[in-house]
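These notes are about the structure you will find just below.
Everything numeric here is computed off the predicted structure, so don't read it as measured data. Reckoned from all heavy atoms, side chains included, excluding hydrogens, waters and symmetry mates.
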Amino acid sequence: MARIPDELIEQVRDSADLLEVVQESVQLKRQGSDWRGPCPFHGGTNRNFAVIPKKNLYYCFVCHEAGDVFTWYQKRFGLDYPSSVREVARKVGIVIPEATERTGPDPREPFYQACEVAQGWFAGQLRDAPEAEIARRYLLDRHIALDAAAELGLGYAPKGQAFVTAMQELGIAEEAMVEAALVGRREDGTFYPRFRSRLIFPIHDLRGRVVGFGGRILGSGEPKYLNSPETPIFHKGEQLYHMHLAKHAIRKAGFAILVEGYFDVQRLALAGLDQTVAPLGTAFTDAQATLLKRFTSEVVILYDSDGAGLKATFRAGDVLLSHGVRVRVATMPPGEDPDTLVERGGAEALTPILEDAVDLLERKLQLLERKGWFADVRKAREALDRLLPTLRAATDSVTRELYVSRVAEQLGIPRETVTAEVAAKPRSAPPVRQPPPLDQPPVEYGSPAEPRGRASQLPRTPGAEIERKLLRLILTSPTWLQRAREELSVDRFTVPAFSRIYGALLGLSDDAPVGDALAGLDARAQDVWQRLLDVPPPEGEGYDTDREYAGALIALEEIHQFPDMAAETDSLERNRRWRALSPEGQARFRMYLATATRPGARRDDSPTEE
């Protein structure tokens with residue numbers, strides 16, 4: 001029988017309810033946090049057999065039979081291991097298609113091995129390397145002892161080529177390093193380490209295997225945080241930081257704590273709140289909500305309470321609600337974040353905040369009322385519009401009814417009116433404009449031969465606006481150009497003029513002024529360059545350049561996958577890749593499909609952006 005992939009086995013195991021399975025043939029009664037009954041293996045009559053739901057395990061205190069849901073089917077019904085996996089998969093509604101079965105070793109194993117070796121090397125550098133003194137001092141300043149850092153698996157990536165040399169000496173193949181995104185390849189064929197002068201956070205999959213890394217810059221430089229890009233073993237939108245350790249704690253606690261950053265997770269975990277997880281530098285996704293739902297039906301969101309934090313809170317909360325998860329929002333004191341609060345006061349300082357967490361909708365209502373949104377008719381109408389995404393996200397029928405009644409009460413209108421608004425189709429974006437006639441050549445962005453008013457009639461690409469903002473940032477800062485050299489290939493720019501400009505920038509030597517690239521460009525690209533610089537990037541309070549840069553890279557990486565996704569014939573794989581996209585990425589993919597399939601559209605139209 002062909003081998004079932006390990007990741008699918010883990011998904012089946014995590015989705016199964018052992019208590020429900022055992023109760024089909026054994027009468028159990030609750031005793032504390034466990035369930036007890038007579039042992040079916042040695043035929044006992046006393047309640048010496050225990051099922052422990054929080055660990056998804058069973059154990060007999062007399063004959064010492066023990067195991068998980070697969071072991072239960074093997075020993076109770078005489079099934080072999082693959083058959084027991086398939087039986088459990090059938091019960092929980094997970095399909096194991098024949099096409100997904102492998103008959104040989106996992107072809108991704110070299111990438112897992114490369115990441116594991118890299119993590120060990122980074123950890124050794126943090127512990128012993130003189131150059132890592134800056135990282136050790138940084139951790140101590142944040143009151144994280146080196147023993148605790150070792151327990152968390154933290155490491156240090158030095159500057160220079162030491163990492164590449166060490167990995168080669170340790171026998172890691174160059175292609176494995178490239179595929180695992182540990183190194184990049186220059187045009188001359190040489191390699192450079194992706195992470196340099198950074199504190200390293202290993203990222204694990206559910207099985208505890210290292211699949212990627214996050215790095216925080218120490219000293220000057222941008223971006224502040226850098227994550228591994230998408231690889232065959234690392235998918236940002238499908239994984240959560242610390243989930244491999246948090247999953248058991250989540251079951252034990254009965255809820256998960258969702259925070260924003262690595263240090264928030266680590267501080268809470270060191271304080272004993274192991275049920276804490278965080279996204280990986282992306283907006284919270286449907287795939288991450290599905291992952292959490294496998295372990296709990298309740299999540300407390302503990303993001304910063306500033307404007308950006310609240311926006312991310314409500315976005316993540318709506319995603320979780322749409323998957324049937326109960327969502328509560330914890331409010332941090334002004335100027336605090338989970339890391340600093342727990343650092344000073346321990347878990348005891350956070351406990352009352354978690355206990356006082358309120359339902360997602362109630363938190364929205366609190367903020368709207370505090371800002372006077374229910375004071376007059378016009379504002380009340382807009383307040384309802386702001387509440388509708390959460391009302392529509394609630395898939396649980398009881399929750400939705402409660403939400404509708406609560407909003408109707410707050411607004412002083414009949415609940416039938418709110419129900420009708422919830423059921424109404426959300427306001428859609430304007431339709432995609434038609435491309436120019438096929439007998440006319442496509443016109444590039446910034447073409448002096450084309451009137452500016454014509455640009456609004458040209459086909460738009462899902463990433464054109466992102467490309468424009470990112471290129472403008474790169475043009476205005478040599479620091480960002482240096483970072484982009486290592487993280488952004490020219491083929492990610494689909495607008496021709498943008499691609500030519502970025503290609504010219506990449507052709508500069510490291511110490512050459514950015515403006516030197518202008519002379520080698522054609523007139524159209526030079527005009528685009530000037531127009532980009534006419535509007536400087538935003539700055540000031542509320543604008544996070546690091547977040548904008550990282551978000552743009554993630555978005556362009558998602559968009560680059562669209563042609564392959566659209567051509568994917570395996571519906572399971574296409575659905576998996578769809579769920580892994582961010583909500584914004586899913587919207588862009590729908591736009592991509594609409595543009596590519598509408599009558600008269602051409603796949604080779606040159607995308608433009610005004």
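If you check the side chains of H64 and Y59, you find a donor sitting under 3.5 Å from an acceptor.
Between Y73 and F77, the ring-plane angle classifies as tilted under the 30° and 60° cut-offs. The aromatic rings of F195 and F213 stand perpendicular to each other, their planes meeting at an angle above 60°, with 30° marking the opposite boundary.
In summary, the aromatic rings of F41 and Y58 are positioned with their centroids under 6.0 Å apart.
In terms of modelled atom types and a separation under 3.5 Å, the side chain of R392 and the main chain of V422 share a donor-acceptor contact. One N or O on the side chain of R400 and one on the backbone of A394 form a donor-acceptor pair closer than 3.5 Å. Remark: the backbone N or O of S83 is not paired with any side-chain donor or acceptor of E87 at under 3.5 angstrom. For T285 (side chain) and L581 (main-chain N/O), no donor-acceptor pair under 3.5 Å exists by modelled atom type. When atom types are taken as modelled, the side chain of R142 and the backbone of T340 share no donor-acceptor pair closer than 3.5 angstrom. Of the possible polar contacts, none joining the R216 side chain to the K224 backbone as a donor-acceptor pair under 3.5 Å is found. With hydrogens and angles ignored, the 3.5 Å screen pairs a side-chain donor or acceptor of T351 with a backbone N or O of A347. K247 places a side-chain N or O within donor-acceptor distance of the main-chain N or O of L206, the cut-off being under 3.5 Å. Of the possible donor and acceptor atoms, none in the side chain of D337 sits under 3.5 Å from a partner among the backbone N and O of D264. Judged by distance alone, the side chain of D304 and the main-chain N or O of D306 form no donor-acceptor pair under 3.5 Å.
A distance of 4.5 Å separates CD in Q288 from CG in L240, rounded to the nearest 0.5 Å. For the atom pair CD1 of I144 and CG of L139, the computed distance is 5.5 Å after rounding to the nearest 0.5 Å. Taken to the nearest 0.5 Å, the CG atom of L280 stands 8.5 Å off from the NZ atom of K236. In this structure, the separation between CZ on R251 and CG on N56 is 4.5 Å, given to the nearest 0.5 Å. Between the NE2 atom in H143 and the CG atom in D339 there is a gap of 11.0 Å [rounded to 0.5 Å].
Side-chain contact between L270 and L152: present, with at least one pair of heavy atoms (C-beta onward) separated by less than 4.5 Å. Contact check for N227 versus Y262: side-chain heavy atoms found under the 4.5 Å cut-off.
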Acceptor/donor pairs from residues 313-322 side chains to any protein atom, 3.5 angstrom cut, sequence neighbours excluded:
from	atom 1	to	atom 2	distance (Å)
T313	OG1	G309	O	2.8
R315	NH1	E584	OE2	3.1
R315	NH2	E584	OE2	3.4
D318	OD1	T390	OG1	2.7
S322	OG	V319	O	2.6

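Among L258, L354, V327, I353, the one residue that satisfies the side-chain contact (heavy atoms from CB on, under 4.5 Å) test with V300 is L354. Among V21, V22, D17, the one residue that satisfies the side-chain contact (heavy atoms from CB on, under 4.5 Å) test with L19 is D17.
Y403 is linked by a side chain to side chain donor-acceptor pair (under 3.5 Å) to D359, counting only residues two or more places apart in sequence or in another chain.
Between T231 and V211 the shortest heavy-atom distance is OG1-O, 4.4 Å.
Note on K91 versus E24: salt bridge recorded, some NZ/NE/NH1/NH2 to OD/OE distance being below 4.0 Å.
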Please lay out, stage by stage, how E116 and R209 fare under the test salt bridge (Lys or Arg N to Asp or Glu O under 4.0 Å). CA-CA 7 Å; E116 188 69 30; R209 298 174 296 190; over 6 Å; no
Derivation of the side-chain contact (heavy atoms from CB on, under 4.5 Å) call for H323 and T290: CA-CA 7 Å; H323 288 263; T290 301; 3.2 Å; yes
